[in-house]
Q: 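Handing you this structure, nothing more for now.
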Amino acid sequence: MRPTAAMSDEKPLPFVYQFAAGAIAGVSEILVMYPLDVVKTRVQLQTAPAGSADAYNGMLDCFRKIIKTEGFSRLYRGISAPILMEAPKRATKFAANDEWGKIYRSWFGVTKMNQSLSILTGASAGATESFVVVPFELVKIRLQDKASAGKYNGMVDCVVKTVRNEGILAMYQGLESTMWRHILWNAGYFGCIFQVRQMLPKAETKQGQITNDIISGSIGGTVGTIINTPMDVVKSRIQNTPRVPGQVPKYNWAWSSVATVLREEGAGALYKGFLPKVLRLGPGGGILLVVYTNVMEMFRSWQK
């Protein structure tokens, strides 16, 4: 079982099936793992000194303070944007990975995928995916930030106020850093899935296939997260910085923002929010792969 035709010898299904399977897989993962994303964003955005009343002293402390001071529902604040984003995002991820795989196999004159091509196709799919997700990511980040809790009355209000106050191009603020984030994560994710599946014993049963998908997807999600977390930290800060005419934002471009964080807060700050992020995207990568491959299998059975 493979997440895309580029990683499989199975006949690819039409795009509409990939779109639907990706949407179902993505929404399933979001509903289970979203509170960890809220906590991750809060920890990444905080600049309060350690030990201060407003500081989050780790993942569990952040969970506790959000629930205590803002209520449990705050852990799902901003979820409408990523849910709406999941269908085009996951469809783009898997479909682009498939299409880039075909292109690269043709360019390099090979008939089957290997790990190097899996990494390259994953990176290319990540870059493609970025153009779809940036506006949704910007809205999600601003709704999740504690400082913006009373500023926006939901997703539509956030979009309206952002466009009115900062211009329509503000919706693509952070595109460059988002591209780096997705290139790195997808390269690690798809590259690991390919390699881990080669190493695992061939599954002889349905349960064995699911187990292999959970293992390979979780390892892929974990490796992708280790690689891309610094870019995720600076992306969150870039997208959460309102654009003011005539002023250059403190966090503007990805690599200069990395340098700023290193200089002002140290290397450890580039991994702020890593624990909730890896707890979400490690197992989340497994959930995504299991749901996607099983939905695609169901669609294939309908075609027979």
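In this chain, numbering begins with 1 at the start of the sequence shown.
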Q: Can you pull out every salt bridge (charged side-chain N to carboxylate O under 4.0 Å, His left out) where at least one residue sits in residues 117-135? Sequence neighbours excluded, please.
A: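 Salt bridge (charged side-chain N to carboxylate O under 4.0 Å, His left out) check on residues 117-135 returns K93-E129.
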Q: Can you check whether A55's main-chain N or O pairs, donor with acceptor, with K65's side chain at less than 3.5 Å?
A: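 Checking the backbone N and O of A55 against the side chain of K65, a donor-acceptor pair under 3.5 Å is found.
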Q: Report the C-alpha separation of F108 and L120 in whole Å, then their side-chain angles, then the decisive distance to 0.1 Å, and conclude whether the side chain to side chain contact (heavy atoms under 4.5 Å, CB included) test is met.
A: CA-CA 12 Å; F108 294 112; L120 183 58; 3.9 Å; yes
Q: State plainly whether the residues E166 and R142 are in salt-bridge range, i.e. N to O under 4.0 Å.
A: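 So E166 pairs with R142 through a salt bridge.
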Q: If you compare all heavy atoms of V134 against all heavy atoms of Y172, which two are closest, and at what distance to 0.1 Å?
A: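 In this case the closest contact between V134 and Y172 is CG1-CA, 3.6 Å.
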Q: Thinking salt bridges, do E99 and K102 make one under a 4.0 Å N-O criterion?
A: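 Looking at E99 and K102, the cut-off is met.
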Q: Name all residues meeting the side chain to side chain donor-acceptor pair (under 3.5 Å) criterion together with Q173; count only those two or more places apart in sequence or in a different chain, and write none if there are none.
A: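 For Q173, the residues satisfying side chain to side chain donor-acceptor pair (under 3.5 Å) (neighbours in sequence not counted) are R243.
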Q: Charged N to carboxylate O below 4.0 Å: is that the case for R77 and E70?
A: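 Salt bridge: no.
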Q: Could you list the residues that satisfy side-chain contact (heavy atoms from CB on, under 4.5 Å) with A203, not counting sequence neighbours?
A: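 With sequence neighbours excluded, A203 shows a side-chain contact (heavy atoms from CB on, under 4.5 Å) to Q209, N212, given in chain and number order.
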Q: Over 60° means perpendicular and under 30° means parallel, so tell me whether Y104 and W100 are parallel, tilted or perpendicular.
A: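 Ring orientation of Y104 relative to W100: parallel.
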Q: Would you indicate whether the side-chain heavy atoms of L289 and S216 approach each other to under 4.5 Å?
A: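 Contact flag for S216/L289 side chains = yes.
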Q: Looking at every non-hydrogen atom in both residues, tell me the closest pair between V39 and I66 and how far apart they are.
A: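 Distance-wise, the nearest heavy atoms are CG2-CD1, 4.4 Å.
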Q: Could you tell me the separation between the CD atom of Q195 and the CG atom of L200, rounded to the nearest 0.5 Å?
A: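 Q195 atom CD to L200 atom CG measures 10.5 Å (nearest 0.5 Å).
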Q: Treating K235 as the side-chain partner and E137 as the backbone partner, does any N or O pair qualify as donor plus acceptor under 3.5 Å?
A: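 Pair absent, no side-chain N/O of K235 close to backbone of E137.
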Q: Partners of K277 by salt bridge (Lys or Arg N to Asp or Glu O under 4.0 Å), sequence neighbours excluded?
A: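 K277: salt bridge (Lys or Arg N to Asp or Glu O under 4.0 Å) contacts with D232.
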Q: If I compare all heavy atoms of L143 with all of G154, which pair ends up nearest, and what's the gap?
A: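 That would be CD2-O, 3.8 Å.
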Q: Who passes side-chain contact (heavy atoms from CB on, under 4.5 Å) against A21, sequence neighbours left out?
A: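 Applying side-chain contact (heavy atoms from CB on, under 4.5 Å) to A21 gives Y292, V295, M296, F299.
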Q: Tracing side-chain links under 4.5 Å among I, L, V, M, F, W and Y, which residues wind up in one group with M199?
A: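 Answer for M199: none, a lone residue.
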Q: Please check if the side chain of N240 supplies one atom and the backbone of S236 the other of a donor-acceptor pair under 3.5 Å.
A: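 Flag not set: sc N240 to bb S236 has no pair under 3.5 Å.
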Q: Write down the atom of G122, the atom of N186, and the distance for their closest heavy-atom approach.
A: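 Where G122 meets N186 most closely, the heavy atoms are O-CB, 2.9 Å.
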Q: Applying side-chain contact (heavy atoms from CB on, under 4.5 Å), name anything that partners V223, two or more places apart in sequence or on another chain.
A: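 Partners of V223 by the side-chain contact (heavy atoms from CB on, under 4.5 Å) criterion, ordered by chain and then number, come out as C192, I219, I227.
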Q: Holding to side-chain contact (heavy atoms from CB on, under 4.5 Å), I want the full list of residues that pass it with L270, two or more places apart in sequence or in another chain.
A: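 side-chain contact (heavy atoms from CB on, under 4.5 Å) check on L270 returns P230, V234, V258, V261, L262.
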Q: Is the backbone N or O of A254 less than 3.5 Å from a side-chain atom of E176, with the two atoms forming a donor-acceptor pair by type?
A: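 Yes: the side chain of E176 pairs with the backbone of A254.
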Q: Mind checking what makes side chain to side chain donor-acceptor pair (under 3.5 Å) contact with Y56, not counting sequence neighbours?
A: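 Y56 satisfies side chain to side chain donor-acceptor pair (under 3.5 Å) with R42 only.
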Q: List, by chain and number, the other hydrophobic cluster members for V290, where Ile, Leu, Val, Met, Phe, Trp and Tyr join if side-chain heavy atoms come within less than 4.5 Å, directly or indirectly.
A: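 Traced through the cluster, V290 reaches I210, I214.
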Q: Which heavy atom of H182 sits nearest to which heavy atom of S130, and what is that distance?
A: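 Heavy-atom minimum between the residues: CB-OG, 3.5 Å.
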Q: Using the side chain to side chain contact (heavy atoms under 4.5 Å, CB included) rule, take Q115 and I119 through it: C-alpha gap first, then chi angles, then the decisive distance, then the call.
A: CA-CA 6 Å; Q115 188 179 26; I119 293 171; 4.2 Å; yes
Q: Verify the distance criterion only: is there a donor paired with an acceptor across the side chains of Q144 and D37 at less than 3.5 Å?
A: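 Indeed, the side chains of Q144 and D37 share at least one donor-acceptor pair under 3.5 Å.
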Q: For residues 234-278, pull every pair meeting ring pair (Phe, Tyr, Trp, His ring centres under 6.0 Å), keeping only residues two or more places apart or in separate chains.
A: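 Non-adjacent pairs meeting ring pair (Phe, Tyr, Trp, His ring centres under 6.0 Å): W180-W255, Y271-F274.
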Q: Checking T229 against K40 for the side chain to side chain contact (heavy atoms under 4.5 Å, CB included) test, could you report, in this order, the C-alpha distance in whole Å, the side-chain angles of both residues, the deciding distance, and whether it holds?
A: CA-CA 10 Å; T229 293; K40 179 266 298 183; over 6 Å; no
Q: Can you pull the side-chain hydrogen bond (donor to acceptor under 3.5 Å, both in side chains) pairs that have at least one residue in residues 22-31, sequence neighbours excluded?
A: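 Pairs touching residues 22-31 that pass the test: E29-R280.
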Q: State, to 0.1 Å, how close N252 and P249 come at their nearest heavy-atom pair, and which atoms those are.
A: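 Closest approach of N252 to P249, heavy atoms only: CB-O, 3.9 Å.
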